[in-house]
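Read the structure below first, then the notes.
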Amino acid sequence: MAVSPRCDMRRAYSPAQNAVVTDIHSFSVSPPDANAKYVGRPSPALDRAWADLLQYSNIRFTDEEFHTIHPDRIDNAIKLPDGGYFGSLFVYHELHCLKHIYRFVYKEHYLPPLNETESDDLRIHIGHCIDTIRQAVLCHADITPFTMTWPKTYAVPGANTTSPHTCVSWDAVNSWARSRSIDNIFEPGYLKHPVFGDVYGKDFEDSINRKTGFTHSN
């Protein structure tokens with residue numbers, strides 16, 4: 001008897017699994033220079049780079065895909081008015097969390113003054129993001145070896161981190177997500193909560209921006 005994708009206990013099902021290809025890549029882990037795209041002092045170019053990473057995070061799953069992910073979730077799922085179900089891939093949530101932590105580092109730039117309750121809410125969100133990334137790092141457990149070397153400027157062993165990594169092609173995954181992207185997800189009236197009505201209105205964006213320093217759409 002054939003085993004369904006969801007029942008393979010060694011690999012959890014993802015609609016994007018056929019888009020996954022791997023390549024060899026060396027990380028850039030030296031202190032970032034002035035040309036770094038995602039770290040450093042806030043700038044319009046840096047904000048745009050992060051927004052581009054998350055551009056296709058809101059995606060559509062087909063009915064068949066959703067039932068394969070987990071049919072028991074159907075009662076709480078968000079069905080899209082033009083077919084399929086609202087969802088995302090965890091890599092985008094993890095990137096969202098990294099962006100959130102970056103903006104927390106520069107909260108004087110991104111956030112208005114917060115009251116005690118808002119500050120507590122922000123710390124809770126940051127804690128959630130840190131633990132999400134911790135779990136993701138352990139889940140994917142990069143076993144690429146690195147060796148130690150003698151630095152030229154101090155008498156403590158340092159890491160030689162130039163080893164090549166086997167990486168999932170980000171371009172391939174992001175291209176798959178782009179093909180499923182819900183471009184009109186933030187249009188007024190497109191999504192309606194069954195109790196509260198329209199979502200993603202101006203009041204929502206203002207509230208999220210005040211608490212987190214960025215809008216849900218980027």
Side-chain angles (χ1 to χ4, degrees), residues 27-61 73 76-78 80 85-142 170 173-174 177 181-218:
F27 291 179
S28 174
V29 295
S30 299
D33 59 26
N35 296 317
K37 291 179 65 176
Y38 305 105
V39 294
R41 292 286 176 182
S43 69
L46 185 146
D47 288 343
R48 183 69 256 161
W50 276 104
D52 287 346
L53 275 181
L54 292 163
Q55 183 176 1
Y56 305 118
S57 57
N58 300 299
I59 63 176
R60 184 189 313 271
F61 296 133
R73 297 181 182 183
N76 294 318
I78 298 178
L80 298 169
Y85 290 87
F86 186 18
S88 188
L89 301 178
F90 251 94
V91 63
Y92 290 106
H93 181 60
E94 291 149 14
L95 286 170
H96 157 94
C97 276
L98 278 176
K99 177 183 175 181
H100 190 65
I101 293 169
Y102 166 79
R103 292 198 169 192
F104 183 73
V105 171
Y106 291 99
K107 57 182 180 291
E108 71 281 357
H109 175 82
Y110 289 106
L111 291 170
L114 303 177
N115 61 38
E116 184 176 353
T117 298
E118 291 169 334
S119 295
D120 288 343
D121 288 344
L122 182 59
R123 281 190 288 270
I124 289 170
H125 196 165
I126 289 293
H128 154 80
C129 281
I130 291 171
D131 205 50
T132 293
I133 295 169
R134 177 193 65 82
Q135 292 179 73
V137 170
L138 296 181
C139 177
H140 298 292
D142 188 349
W170 170 248
V173 171
N174 201 42
S181 179
I182 310 169
D183 296 333
N184 58 337
I185 191 68
F186 296 104
E187 288 183 3
Y190 179 73
L191 285 183
K192 291 184 180 291
H193 189 281
V195 175
F196 303 111
D198 289 349
V199 298
Y200 297 140
K202 187 177 185 304
D203 289 344
F204 170 86
E205 294 290 358
D206 288 346
S207 174
I208 292 297
N209 192 47
R210 179 170 179 79
K211 291 180 179 179
T212 67
F214 56 91
T215 61
H216 196 71
S217 57
N218 66 2

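As the structure is a computational prediction, the values presented were derived from the model and not from experiment.
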Within a strict 4.5 Å, meaning less than it, do heavy atoms of the Asn58 and Phe186 side chains meet? yes
Walk me through it: do Lys192 and Val199 pass the test side chain to side chain contact (heavy atoms under 4.5 Å, CB included)? CA-CA 6 Å; Lys192 291 184 180 291; Val199 298; over 6 Å; no
Would you say Ile133 and Ile101 make side-chain contact, with heavy atoms under 4.5 Å? yes
Is there a side-chain contact between Leu122 and Leu111 in this structure, where contact means two heavy atoms from C-beta onward sitting under 4.5 Å apart? yes
Do Tyr92 and Leu53 have side-chain heavy atoms sitting under 4.5 Å apart? no
Worked check of side chain to side chain contact (heavy atoms under 4.5 Å, CB included) between Tyr190 and Asp198: CA-CA 8 Å; Tyr190 179 73; Asp198 289 349; over 6 Å; no
Atom pair CG/CG of Asp52 and Asn174 - distance to nearest 0.5 Å: 9.5 Å
Is Tyr38 atom OH crowded by more than 12 heavy atoms from other residues, nucleotides or ligands, each under 6.0 Å away? yes
Close side-chain approach of Leu89 and Tyr56, heavy atoms under 4.5 Å: no
Pairwise distance CD(Gln135) to NE2(His140) - rounded to 0.5 angstrom: 11.0 Å
Quick one: do Tyr85 and Ile78 satisfy side chain to side chain contact (heavy atoms under 4.5 Å, CB included)? Show the steps, please. CA-CA 6 Å; Tyr85 290 87; Ile78 298 178; over 6 Å; no
Within the supplied structure, the quantity of interest is the number of heavy atoms (other residues, nucleotides, ligands) at a distance under 6.0 Å from Glu116 CD; does it exceed 12? no
So do the side chains of Tyr102 and Pro42 get within less than 4.5 Å of each other, counting heavy atoms only? yes
Determine yes or no for a side-chain-to-main-chain donor-acceptor pair under 3.5 angstrom, with Ser181 supplying the side chain and Ala177 the backbone. no
Are Asp142 and Phe27 close enough that some pair of their side-chain heavy atoms sits under 4.5 Å apart? yes
Step through it carefully: locate the ring centre of His109, locate the ring centre of Tyr106, and say whether they are under 6.0 Å apart. no
Examine His128 together with His93 and report whether their ring centres are nearer than 6.0 Å. yes
Determine the minimum heavy-atom distance between Ser88 and Ser57, stating which atoms define it. OG-O, 2.5 Å
Less than 4.5 Å apart, any side-chain heavy atom of Ile182 and any of Asn184? yes
Within 6.0 Å of CZ in Arg41, more than 12 heavy atoms from elsewhere: no
Which heavy atom in His96 sits nearest to a heavy atom in Leu54, and how many Å separate them? N-CD2, 3.7 Å
Report the C-alpha distance between Leu114 and Asp121 in whole Å, list the side-chain angles of each, state the deciding distance to 0.1 Å, and finish with yes or no for side chain to side chain contact (heavy atoms under 4.5 Å, CB included). CA-CA 10 Å; Leu114 303 177; Asp121 288 344; over 6 Å; no
Of the non-hydrogen atoms in Thr117 and Asn115, which two are nearest, and what is the gap between them? N-OD1, 3.1 Å
Which is it for Arg60 and Asp183 under the salt bridge (Lys or Arg N to Asp or Glu O under 4.0 Å) test, yes or no, and what are the steps along the way? CA-CA 10 Å; Arg60 184 189 313 271; Asp183 296 333; over 6 Å; no
When Lys99, Lys107, His100 are each screened for side chain to side chain contact (heavy atoms under 4.5 Å, CB included) with Arg103, the one that passes is Lys99
